[in-house]
Protein chains: 2
Amino acid sequence: MSNPSTYEVILDTSYRLFAEQGFEKTSMAMIAKELDVSKPALYYHFSSKEALIDKLFEEICRSIGFHVYFQLENYTAKNFGARLTSDGLNMIHTQREDEHYTRIMNQYQALGYRDPKYARQLVGILEGFTSGFTELLNYGVSIGAFPEGNLGVQAQMLTMIIDSMDNFMSYGLEYDYEVIWTQAVNQVMTGAEGNEL
Amino acid sequence: MSNPSTYEVILDTSYRLFAEQGFEKTSMAMIAKELDVSKPALYYHFSSKEALIDKLFEEICRSIGFHVYFQLENYTAKNFGARLTSDGLNMIHTQREDEHYTRIMNQYQALGYRDPKYARQLVGILEGFTSGFTELLNYGVSIGAFPEGNLGVQAQMLTMIIDSMDNFMSYGLEYDYEVIWTQAVNQVMTGAEGNEL
DNA sequence: GTCTATATCGGGATAGAC
DNA sequence: GTCTATCCCGATATAGAC
């Protein structure tokens, strides 16, 4: 196995440079220069640029996911709405602090359009949120936190909104994200139903 | 002025190739080959690859926008909710038919992170939708279609949801978009209020 | 594990003829 | 307005020494 610290530091620097400039505009030479090592040193740890991009993606996917931000055991009938609201806002604020996160995920999204390998992982993340929300809402109903509704659809809506907020924030759009998320949670809690067409 | 038909056909083909493969992976040589012309022919019409990308973006921006899908004069007190629902669904379905649209906009979003020139235009489109929805909702209140609420926030939410649906559909996620959009419109129409924090 | 030096290729862009 | 031929550069990747 290669030296873990060098390996890690390459991933960290790549993450930053890829986010700032994109995959194509970031050459292996630039990464090497930023780390003050030579190009072949990179190729010793990663067999190709694509391998580096792939490993980085694996690391990112490992570090995110529904259960990082929403933990079922923290929820009670009494605090359910408030907790769901604050956990969601906390997630948004956390991602907002890492200015590179949204940018690099946008890059992987672009790759996903051409290579199913990336698309599958991205879809997996989103589906993880939707199934996580579904599970959480089911739990909420079971402990009597709120009346039953179409929880599957509500979970989809929460996933879409939380994903979209991240996107809009990255544009610098100063929308009332707190109010929007709070409203979405309230809608779920009051069991509002959409009219079928 | 250059021959309009050649100019147009370059833009059309570029649109498709850029969407399929991304800007960097699509070379001027590939575009030329696809059109069965030579590279210098392209450079006669567009001074550089970046100029081509920019002109294409201008054309795209010109062809989209709130008022393409939502026209205030079609709305009455009686049909307001139904019309807002169907116009939104129609917009989503239209964009879904052009498989290249979401992909190429994703590319311009990536460019926007590095060059404010693109970011400004993208933000302009989104703000156009938000101000369009605000105007439309204000009109709805003025004709008594529904009670007054925090229309600015509601307009932001509608913008985020409609943008997000397009995104999720492009992943191939089969969510209940019709129900979600209908629910969002209903929430606006019933004047639901988000609790301030 | 890391270096210097180099091979190889493909891309953007242009010169100059027609 | 379009062509053939070419320039030039930067990128990925490797050979081979230490």
Side-chain angles (χ1 to χ4, degrees), chain A residues 1-59 103-104 107-108 110-111 113-115 117-118, chain B residues 1-59 103-104 107-108 110-111 113-115 117-118:
Chain A
M1 190 69 189
S2 59
N3 181 350
S5 85
T6 301
Y7 183 88
E8 289 294 334
V9 85
I10 292 174
L11 284 178
D12 283 355
T13 299
S14 304
Y15 178 79
R16 208 184 72 244
L17 292 179
F18 284 151
E20 286 169 358
Q21 309 176 327
F23 294 132
E24 273 96 0
K25 286 238 162 48
T26 305
S27 69
M28 295 297 266
M30 293 171 61
I31 298 171
K33 185 168 188 180
E34 186 83 7
L35 289 168
D36 216 16
V37 297
S38 66
K39 259 193 297 181
L42 299 186
Y43 280 96
Y44 173 81
H45 293 281
F46 301 91
S47 62
S48 69
K49 187 179 180 181
E50 189 183 356
L52 170 56
I53 290 172
D54 288 5
K55 282 291 176 192
L56 181 59
F57 193 36
E58 279 179 34
E59 290 301 319
R103 299 185 179 204
I104 208 162
Q107 302 278 334
Y108 282 111
L111 288 189
Y113 288 136
R114 307 198 281 286
D115 188 335
K117 171 174 64 178
Y118 303 101
Chain B
M1 191 68 189
S2 58
N3 180 350
S5 85
T6 301
Y7 183 88
E8 289 294 332
V9 86
I10 292 173
L11 285 178
D12 283 355
T13 298
S14 304
Y15 178 79
R16 208 185 72 245
L17 292 179
F18 284 150
E20 286 170 357
Q21 308 175 328
F23 293 131
E24 271 97 335
K25 286 240 162 47
T26 305
S27 68
M28 295 297 267
M30 293 171 60
I31 298 171
K33 186 168 188 180
E34 187 83 7
L35 289 169
D36 216 16
V37 298
S38 66
K39 254 195 300 182
L42 299 186
Y43 280 96
Y44 174 82
H45 293 280
F46 300 92
S47 63
S48 68
K49 187 179 181 181
E50 190 184 355
L52 170 56
I53 291 173
D54 288 5
K55 281 291 175 191
L56 180 59
F57 194 35
E58 278 179 34
E59 289 302 317
R103 299 184 179 204
I104 207 162
Q107 302 278 334
Y108 282 111
L111 288 189
Y113 288 136
R114 307 199 280 286
D115 189 335
K117 171 174 63 177
Y118 303 101

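Chain naming here is simple, since letters A, B, ... match the order of the sequence lines and numbering starts at 1 in each.
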Where protein sits on nucleotides 3-18 of chain C, one letter per nucleotide: B base, S sugar-phosphate only, - none, heavy atoms under 4.0 Å
BBB-----SBBBB---
Given 3.5 Å as the limit, does a donor-acceptor pair link the side chain of A/Lys49 with the main chain of A/Phe23, or not?
yes
Show me the donor-acceptor pairs within less than 3.5 Å that the side chains of residues 50-57 of chain A make with the rest of the protein, sequence neighbours left out.
{"residue": "A/Glu50", "atom": "OE2", "partner": "A/Lys117", "partner atom": "NZ", "Å": "3.0"}
{"residue": "A/Asp54", "atom": "OD1", "partner": "A/Tyr118", "partner atom": "OH", "Å": "2.4"}
{"residue": "A/Asp54", "atom": "OD2", "partner": "A/Lys117", "partner atom": "NZ", "Å": "2.9"}

Protein-nucleotide distance (B/Tyr44, atom OH; D/dT4, atom P), rounded to Å
18 Å
side-chain contact (heavy atoms from CB on, under 4.5 Å) between B/Glu24 and A/Lys25, intermediate numbers included:
CA-CA 9 Å; B/Glu24 271 97 335; A/Lys25 286 238 162 48; 3.6 Å; yes
Compare every heavy atom of B/Leu42 with every heavy atom of B/Val37, then report the nearest pair and how far apart it is.
CG2-CD2, 4.3 Å
Walk me through it: do B/Leu11 and B/Tyr15 pass the test side-chain contact (heavy atoms from CB on, under 4.5 Å)?
CA-CA 6 Å; B/Leu11 285 178; B/Tyr15 178 79; over 6 Å; no
